[in-house]
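See below for the structure under consideration.
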Amino acid sequence: MPLNELARRIGITDANLSILKTGKAKAVRLSTLEAICRELNCQPGDLLEFDPNTPLSQ
Amino acid sequence: MRYFGQNSLSTWIHRVLKGSWYLVIVGYVGLSLLLAIAFFPNLGGPVTQQISQQICASGQQDPEWQTFMATPLVCKAFVFPYLALITFLLLKILKQSESLFDNFRRNAIFTKDNATNLSKLSKWVIGFSLVTFNFSALLMSLILLLLCEIFKNGSALQEEHDLTV
(Lines give C-alpha, C1' and ligand atoms only; values in the text may rest on other atoms or scores of the structure.)
Protein backbone atom coordinates (compact mmCIF):
# COMPACT_ATOMS: atom_id res chain seq x y z
CA MET A 1 0.00 0.00 0.00
CA PRO A 2 1.49 3.40 -0.94
CA LEU A 3 2.18 5.79 1.94
CA ASN A 4 -0.21 8.48 0.72
CA GLU A 5 -2.98 5.87 0.51
CA LEU A 6 -2.22 4.71 4.07
CA ALA A 7 -2.24 8.33 5.31
CA ARG A 8 -5.62 8.90 3.66
CA ARG A 9 -7.09 5.75 5.21
CA ILE A 10 -5.78 6.57 8.70
CA GLY A 11 -7.02 10.13 8.39
CA ILE A 12 -3.70 11.97 8.83
CA THR A 13 -1.66 14.06 6.43
CA ASP A 14 1.28 12.74 4.41
CA ALA A 15 3.56 15.04 6.41
CA ASN A 16 2.36 13.56 9.70
CA LEU A 17 2.83 10.01 8.41
CA SER A 18 6.36 11.00 7.41
CA ILE A 19 6.94 12.33 10.97
CA LEU A 20 5.79 8.96 12.32
CA LYS A 21 7.91 7.00 9.86
CA THR A 22 11.10 8.93 10.59
CA GLY A 23 10.61 8.71 14.36
CA LYS A 24 10.35 12.46 14.87
CA ALA A 25 6.91 12.23 16.49
CA LYS A 26 6.78 13.21 20.17
CA ALA A 27 3.41 11.59 20.82
CA VAL A 28 0.80 9.46 19.09
CA ARG A 29 -2.94 9.95 19.68
CA LEU A 30 -4.81 6.78 20.68
CA SER A 31 -7.23 7.44 17.82
CA THR A 32 -4.32 7.48 15.32
CA LEU A 33 -2.87 4.30 16.80
CA GLU A 34 -6.28 2.66 16.59
CA ALA A 35 -6.64 3.70 12.94
CA ILE A 36 -3.17 2.40 12.04
CA CYS A 37 -3.86 -0.95 13.74
CA ARG A 38 -7.22 -1.19 11.98
CA GLU A 39 -5.75 -0.45 8.54
CA LEU A 40 -2.65 -2.65 8.95
CA ASN A 41 -4.60 -5.35 10.79
CA CYS A 42 -2.12 -5.51 13.66
CA GLN A 43 -1.81 -4.82 17.42
CA PRO A 44 -0.19 -1.72 19.04
CA GLY A 45 2.57 -4.00 20.33
CA ASP A 46 3.50 -4.78 16.75
CA LEU A 47 4.16 -1.08 16.15
CA LEU A 48 5.70 0.02 19.43
CA GLU A 49 8.71 -1.33 21.25
CA PHE A 50 10.73 -0.23 24.24
CA ASP A 51 14.45 0.06 23.72
CA PRO A 52 16.33 0.99 26.93
CA ASN A 53 19.41 1.98 24.92
CA THR A 54 17.59 4.66 22.90
CA PRO A 55 17.64 7.95 24.83
CA LEU A 56 14.35 9.85 25.11
CA SER A 57 14.48 12.84 22.75
CA GLN A 58 14.24 16.18 24.59
CA MET B 1 -9.62 42.89 15.68
CA ARG B 2 -7.02 40.36 14.54
CA TYR B 3 -3.69 40.44 16.35
CA PHE B 4 -1.70 37.93 14.26
CA GLY B 5 -1.50 37.11 10.55
CA GLN B 6 -1.85 39.17 7.38
CA ASN B 7 -3.56 42.60 7.69
CA SER B 8 -3.64 42.36 11.47
CA LEU B 9 -2.43 44.65 14.25
CA SER B 10 1.00 42.98 14.02
CA THR B 11 1.26 43.93 10.33
CA TRP B 12 0.67 47.58 11.17
CA ILE B 13 3.08 47.56 14.12
CA HIS B 14 5.68 45.93 11.85
CA ARG B 15 5.26 48.72 9.28
CA VAL B 16 5.46 51.45 11.96
CA LEU B 17 8.65 49.89 13.38
CA LYS B 18 10.19 49.67 9.90
CA GLY B 19 9.40 53.35 9.28
CA SER B 20 10.70 54.32 12.72
CA TRP B 21 14.00 52.59 11.95
CA TYR B 22 14.61 54.92 9.00
CA LEU B 23 13.30 57.94 11.00
CA VAL B 24 15.85 57.28 13.76
CA ILE B 25 18.68 57.23 11.19
CA VAL B 26 17.46 60.47 9.61
CA GLY B 27 17.04 62.03 13.07
CA TYR B 28 20.53 60.97 14.12
CA VAL B 29 22.16 62.41 10.99
CA GLY B 30 20.14 65.64 11.30
CA LEU B 31 20.86 66.11 15.00
CA SER B 32 24.57 65.34 14.53
CA LEU B 33 24.78 67.90 11.73
CA LEU B 34 23.00 70.56 13.80
CA LEU B 35 25.24 69.92 16.80
CA ALA B 36 28.35 69.97 14.59
CA ILE B 37 27.24 73.33 13.16
CA ALA B 38 26.48 74.68 16.67
CA PHE B 39 29.89 73.58 18.01
CA PHE B 40 32.01 74.44 14.96
CA PRO B 41 30.31 77.42 13.23
CA ASN B 42 33.33 78.19 11.02
CA LEU B 43 33.43 74.77 9.35
CA GLY B 44 31.11 75.46 6.42
CA GLY B 45 31.36 79.18 5.72
CA PRO B 46 28.70 81.90 6.16
CA VAL B 47 25.69 79.57 5.85
CA THR B 48 26.70 77.39 8.80
CA GLN B 49 27.64 80.53 10.79
CA GLN B 50 24.09 81.83 10.30
CA ILE B 51 22.51 78.50 11.30
CA SER B 52 24.81 78.33 14.34
CA GLN B 53 23.74 81.83 15.41
CA GLN B 54 20.08 80.83 15.07
CA ILE B 55 20.60 77.68 17.15
CA CYS B 56 22.43 79.63 19.85
CA ALA B 57 19.78 82.39 19.80
CA SER B 58 16.94 79.88 20.25
CA GLY B 59 18.84 78.28 23.15
CA GLN B 60 19.53 81.56 24.96
CA GLN B 61 16.38 81.27 27.12
CA ASP B 62 17.35 77.74 28.16
CA PRO B 63 19.83 77.85 31.10
CA GLU B 64 20.81 74.19 30.54
CA TRP B 65 21.85 74.96 26.94
CA GLN B 66 23.88 77.95 28.20
CA THR B 67 25.66 75.80 30.79
CA PHE B 68 26.31 73.13 28.16
CA MET B 69 27.73 75.63 25.65
CA ALA B 70 30.00 77.07 28.37
CA THR B 71 31.73 73.71 28.88
CA PRO B 72 35.03 73.12 27.00
CA LEU B 73 34.83 71.83 23.42
CA VAL B 74 36.53 68.54 24.37
CA CYS B 75 33.71 67.78 26.83
CA LYS B 76 31.06 68.87 24.33
CA ALA B 77 32.54 66.55 21.71
CA PHE B 78 31.58 63.57 23.91
CA VAL B 79 27.98 64.24 22.82
CA PHE B 80 28.73 62.65 19.43
CA PRO B 81 29.79 59.15 20.58
CA TYR B 82 27.03 59.26 23.25
CA LEU B 83 24.45 60.11 20.58
CA ALA B 84 25.86 57.38 18.32
CA LEU B 85 25.59 54.83 21.15
CA ILE B 86 21.97 55.78 21.93
CA THR B 87 21.09 55.63 18.20
CA PHE B 88 22.79 52.23 17.85
CA LEU B 89 20.82 50.84 20.81
CA LEU B 90 17.56 52.34 19.51
CA LEU B 91 18.16 50.84 16.06
CA LYS B 92 18.90 47.44 17.58
CA ILE B 93 15.70 47.61 19.69
CA LEU B 94 13.65 48.62 16.65
CA LYS B 95 15.18 45.91 14.44
CA GLN B 96 14.61 43.21 17.06
CA SER B 97 10.99 44.34 17.60
CA GLU B 98 10.47 44.46 13.84
CA SER B 99 11.73 40.88 13.51
CA LEU B 100 9.37 39.80 16.33
CA PHE B 101 6.30 41.41 14.74
CA ASP B 102 7.35 40.09 11.32
CA ASN B 103 7.05 36.58 12.76
CA PHE B 104 3.70 37.48 14.33
CA ARG B 105 2.31 38.70 11.04
CA ARG B 106 3.42 35.41 9.42
CA ASN B 107 1.44 33.57 12.13
CA ALA B 108 4.63 32.17 13.69
CA ILE B 109 3.93 32.95 17.33
CA PHE B 110 5.24 30.33 19.76
CA THR B 111 8.57 29.60 18.09
CA LYS B 112 12.11 29.34 19.45
CA ASP B 113 13.04 32.22 17.14
CA ASN B 114 10.59 34.53 18.94
CA ALA B 115 11.87 33.47 22.37
CA THR B 116 15.42 34.30 21.21
CA ASN B 117 14.21 37.60 19.76
CA LEU B 118 12.57 38.57 23.06
CA SER B 119 15.67 37.60 25.01
CA LYS B 120 17.88 39.74 22.76
CA LEU B 121 15.35 42.59 22.86
CA SER B 122 15.32 42.64 26.66
CA LYS B 123 19.14 42.76 26.71
CA TRP B 124 19.19 45.74 24.32
CA VAL B 125 16.51 47.49 26.43
CA ILE B 126 18.62 46.92 29.57
CA GLY B 127 21.58 48.52 27.75
CA PHE B 128 19.42 51.43 26.59
CA SER B 129 18.03 52.04 30.10
CA LEU B 130 21.52 52.05 31.62
CA VAL B 131 22.97 54.39 29.00
CA THR B 132 20.06 56.86 29.15
CA PHE B 133 19.51 56.50 32.94
CA ASN B 134 15.90 55.59 32.15
CA PHE B 135 14.91 53.13 34.84
CA SER B 136 11.33 52.69 33.66
CA ALA B 137 12.87 50.99 30.60
CA LEU B 138 14.66 48.66 33.04
CA LEU B 139 11.27 47.60 34.39
CA MET B 140 10.09 47.04 30.83
CA SER B 141 13.09 44.81 30.14
CA LEU B 142 12.20 42.70 33.20
CA ILE B 143 8.68 42.25 31.79
CA LEU B 144 10.26 41.29 28.45
CA LEU B 145 12.44 38.70 30.20
CA LEU B 146 9.27 37.23 31.79
CA LEU B 147 7.61 37.19 28.35
CA CYS B 148 10.70 35.44 26.97
CA GLU B 149 10.29 32.62 29.52
CA ILE B 150 6.58 32.34 28.61
CA PHE B 151 7.51 32.11 24.92
CA LYS B 152 10.15 29.46 25.66
CA ASN B 153 7.52 27.30 27.40
CA GLY B 154 4.98 28.14 24.71
CA SER B 155 7.32 27.12 21.90
CA ALA B 156 8.07 23.80 23.66
CA LEU B 157 4.33 23.11 23.96
CA GLN B 158 3.77 24.17 20.35
CA GLU B 159 6.53 21.82 19.15
CA GLU B 160 5.00 18.97 21.13
CA HIS B 161 1.59 19.75 19.65
CA ASP B 162 2.99 19.91 16.11
CA LEU B 163 4.79 16.60 16.53
CA THR B 164 1.79 14.79 17.98
CA VAL B 165 0.33 12.60 15.27
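These numbers come from a predicted model, not from an experiment.
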In this structure, are over 12 heavy atoms from other groups packed under 6.0 Å from B:F135 atom CZ? yes

Qualifying residue for side chain to side chain contact (heavy atoms under 4.5 Å, CB included) with B:V165, from A:I10, A:I12, A:I36: A:I12

ILVMFWY network linking B:L100 to B:L146, side-chain heavy atoms under 4.5 angstrom: no

ILVMFWY network linking B:L83 to B:L33, side-chain heavy atoms under 4.5 angstrom: yes

Answer yes or no: are there more than 12 heavy-atom neighbours, outside A:L30 itself, under 6.0 Å from its atom CG? no

Hydrophobic clustering (ILVMFWY, side-chain heavy atoms < 4.5 Å, transitive) - are B:I109 and B:I150 grouped together? no

Below 3.5 angstrom, are there any donor-acceptor pairs between chain A and chain B, and if so, which atoms and how far apart?
| residue | atom | partner | partner atom | Å |
| --- | --- | --- | --- | --- |
| A:K26 | N | B:L163 | O | 2.8 |
| A:A27 | O | B:V165 | N | 3.0 |
| A:R29 | N | B:V165 | O | 2.8 |
| A:T32 | OG1 | B:V165 | O | 3.1 |

By side-chain hydrogen bond (donor to acceptor under 3.5 Å, both in side chains), A:N41 pairs with (sequence neighbours left out) none

